[in-house]
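All ligand and atom numbering here is 1-based and tracks the order in the structure.
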Amino acid sequence: MASNGSANSGSEEFTFSNGPGPVASSGRNGLPRIETHQKRHNGICHDDSSAPVKAQTIDELHSLQKKRSAPTTPIKDSAEPGTFSTLTEEERHKLQLQSISASLASLTRETGPKLVKGDPAKKSEAPNVSHVVHHVPTISVSDSALKFTHVLYNLSPAELYEQAIKYEKGSFITSTGALATLSGAKTGRSPRDKRVVKDETTGEELWWGKGSPNIEMDEHTFMVNRERAVDYLNSLDKVFVNDQFLNWDPEHRIKVRIVSARAYHSLFMHNMCIRPTPEELENFGTPDFTIYNAGQFPCNRYTHYMTSSTSIDLNLARREMIILGTQYAGEMKKGLFGVMHYLMPKRQILSLHSGCNMGKDGDVALFFGLSGTGKTTLSTDHNRLLIGDDEHCWSENGVSNIEGGCYAKCIDLSGEKEPDIFNAIKFGTVVENVVFDEHTREVDYTDKSVTENTRAAYPIEFIPNAKIPCVGPHPKNVILLACDAFGVLPPVSKLNLAQTMYHFISGYTALVAGTEEGVKEPRATFSACFGAAFIMLHPCKYAAMLAEKMLKHGATGWLVNTGWSGGSYGSGSRIKLQYTRKIIDAIHSGSLLNANYNKIDVFGLDIPTEVEGVPSEILDPKNAWSDKKAYQETLLKLAGLFKNNFEVFQNYKIGKDSKLTDEIVAAGPIF
Ligand SMILES: Nc1ncnc2c1ncn2[C@@H]1O[C@H](COP(=O)(O)OP(=O)(O)O)[C@@H](O)[C@H]1O
Ligand SMILES: C=C(OP(=O)(O)O)C(=O)O
Ligand SMILES: [Ca+2]
Ligand SMILES: [Mn+2]
């Protein structure tokens, strides 16, 4: 190589232009052979002097790398409190596998599948010693009774990263350490494909018919789909099993088991459900509810009640949920939310589709809203403690988060606008359907090539001021978030109780693009209790409980428009997040309670004349429209939609003397 270090022509000696440096002569392959000037004793150059590693083979070296997890504590014998019936580790694992096998049992057999704990691949990597049972690759067996299924039980995020990166195409690590995954053909919920088993009990208790999200299925068809899902899961080499909790209120905690076929699903639920301590896991026992997520496998379209190759089936009597034909992880989260909307009211606990945070003085605020209206964004507030971003219970003890994590929309996410959410996207977070630079792996949150419904699912502890445990006192402010695509609702209005009930039952908002399959742009929609897709009972039952609690605990109702102003979607502009945050700050501080108000016509809403940090001209929506005639027409159009929507609730009596119902109807628009 010429002395200037240019490409080696294969003939000359390589020398750096000055200084001793390494000297090279050309090797057989024409590349310079570098010889170091190591001290040489008797002709042999010695490696460094550190002690050799304590392993004879590479396999043995690898086996040094991971040490056994800390031993778990003995199980307390519930039969005789105070004594320890110390089960051995072996016996405990055996009990656990028996419980999981029972979960995965086809109901046409005596027993469940044969299960082995651990990754099947590990068996083939194990050192070639006699005591290891070699994992014979499973021939594709049609009868799951003839094979072993490996169970990957409550893996850690790191283990799940490895499983995803190794075995799940489309899994990548982003520049901030999150796991980027794809949810396949479905990137939002499929409400039309959701079914609920209608039996004697649920036929009476649940909300069916016009406006209800509950589409019936019979028990037999549920079992057909259950068999299909269980057969699919048992035909695999391995399944992921998560045993976790819902509801931070220890008095009303629900045990859930999620069986899934993807590391992405397991990590998503690891983040979104409450994570048990090792001790709690030992006492886990039989789950209160089980999800079988066979989402990669379609349902049979010829099966009765099916409307596509996707079916999400809920059987409240069996306490089971089946997912076929969709890999969108939000279906699991929302399916369990539906279960809580059924179980909690039975205990006189109000389940809520709301964000929730608490101020330093203990003032709790609820943020109700349908998907994409701002629950996660507005409940995540640097100056307040986050209790939860999406699903809560309001009991006699106060409020409690149902979940262990947050599920934030990522579209147009920026560190400037939403620093806490932005910074929560780190190792352990799942980001769904985002687009990133192929080299730097930096996520482009504005890119909606896959979907507008890009999401991040992270443990609530990733938010710096999360309140752990996620519980709080009775709410002081109940904020209804309406993302108004018509642009005629005021940015904020103070509600009396009847108005709060009216707007809670109406649940008016715009369903934003992507949340549900087929929604391409904001669509005005009415979603009772701001979460109709998930409620199981008649909306007026939840409304009656809300009224009773707001009255009892002196909470104030507010309606906040996080949607459009100065025109409808397409001509107006979305209200700036910074203005909405100022409005929410004024609600939290109590300053808005003492503001001066004007009543606007048609909806009869009380709007403040000023809010600190918000241009007064936008507070009365009419002022923000240049075309006043168009505003009036649009306002009346929306009022008509409200009236039509409310008709289905008109005759439902709330409260003892049903007085509340008449007042509630009177709280609607007058035109
Ligand atoms: N004025 C506003 N108020 C609240 N969110 C807004 C506003 N303008 C834009 N947004 C955006 O709307 C989205 C709300 O999403 P998110 O808070 O996750 O909704 P939800 O939790 O109700 O599903 C976020 O991307 C947020 O940045
Ligand atoms: C995932 C969801 O929750 P949200 O959009 O309310 O955050 C959903 O409603 O589908
Ligand atoms: Ca949310
Ligand atoms: Mn939600």
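- Protein N/O/S atoms closer to the Mn ion (ligand 4) than 2.8 Å number 4 in this structure.
- Not one N or O of Thr376 is nearer than 3.5 Å to an N or O of ligand 2, by distance alone.
- Near Tyr407, meaning under 4.0 Å from any of its heavy atoms, are these atoms of ligand 2: 1 (C), 7 (O).
- Residue Arg192 places its CZ atom among 12 or fewer non-hydrogen atoms of other residues, nucleotides or ligands, all under 6.0 Å distant.
- With His353 as reference, Phe337 is the one residue of Tyr542, Phe337, Phe367 to meet the ring pair (Phe, Tyr, Trp, His ring centres under 6.0 Å) rule.
- Using a 4.0 Å cutoff on heavy atoms, His353 counts as a contact of ligand 2.
- For Thr376, the nearest N, O or S atom to the Ca ion (ligand 3) falls under 3.0 Å.
- Remark: of the listed residues Asn465, Asp585, Asp363, Asp363 is the sole one forming a side-chain hydrogen bond (donor to acceptor under 3.5 Å, both in side chains) with Arg384.
- In terms of protein heavy-atom proximity, atom 5 (O) of ligand 2 is closest to Ser371 OG, 2.3 Å.
- When every heavy atom of Ser527 is checked against every heavy atom of Ala533, the shortest pair comes out as OG-N, 4.3 Å.
- Proximity of Lys375 to ligand 2, defined as any heavy-atom pair under 4.0 Å, is confined to the side chain (atoms from C-beta onward).
- Nearest non-hydrogen protein atom to atom 7 (O) of ligand 2 is Arg455 NH1, 3.0 Å.
- Screening Ser309, Ser311, Ser308 against Asp193 for a side-chain hydrogen bond (donor to acceptor under 3.5 Å, both in side chains) leaves a single residue, Ser308.
- Of all the heavy atoms of Phe534, the ones lying under 4.0 Å from any atom of ligand 2 belong exclusively to the side chain.
- Between the side chain of Arg228 and the main chain of Pro298, a donor-acceptor pair closer than 3.5 Å is present.
- Under the 30°/60° scheme for interplanar angles, the aromatic rings of Tyr407 and Phe268 are found to stand perpendicular.
- What sits closest to atom 10 (O) of ligand 2 on the protein, heavy atoms only, is Arg189 NE, 2.5 Å.
- Within the 4.0 Å heavy-atom criterion, neither part of Asp389 lies near ligand 2.
- Around NZ of Lys582, the count of heavy atoms belonging to other residues, nucleotides or ligands within 6.0 Å does not exceed 12.
- For the atom pair NZ (Lys255) and CZ (Arg253), the distance works out to 9.0 Å, reported to the nearest 0.5 Å.
- Residue Lys417 places its NZ atom among more than 12 non-hydrogen atoms of other residues, nucleotides or ligands, all under 6.0 Å distant.
- Rounding to the nearest 0.5 Å gives a distance of 10.0 Å between CZ of Phe368 and CG of Leu481.
- Given atom 2 (C) of ligand 2, the protein heavy atom at minimum distance is Lys334 CE, 3.2 Å.
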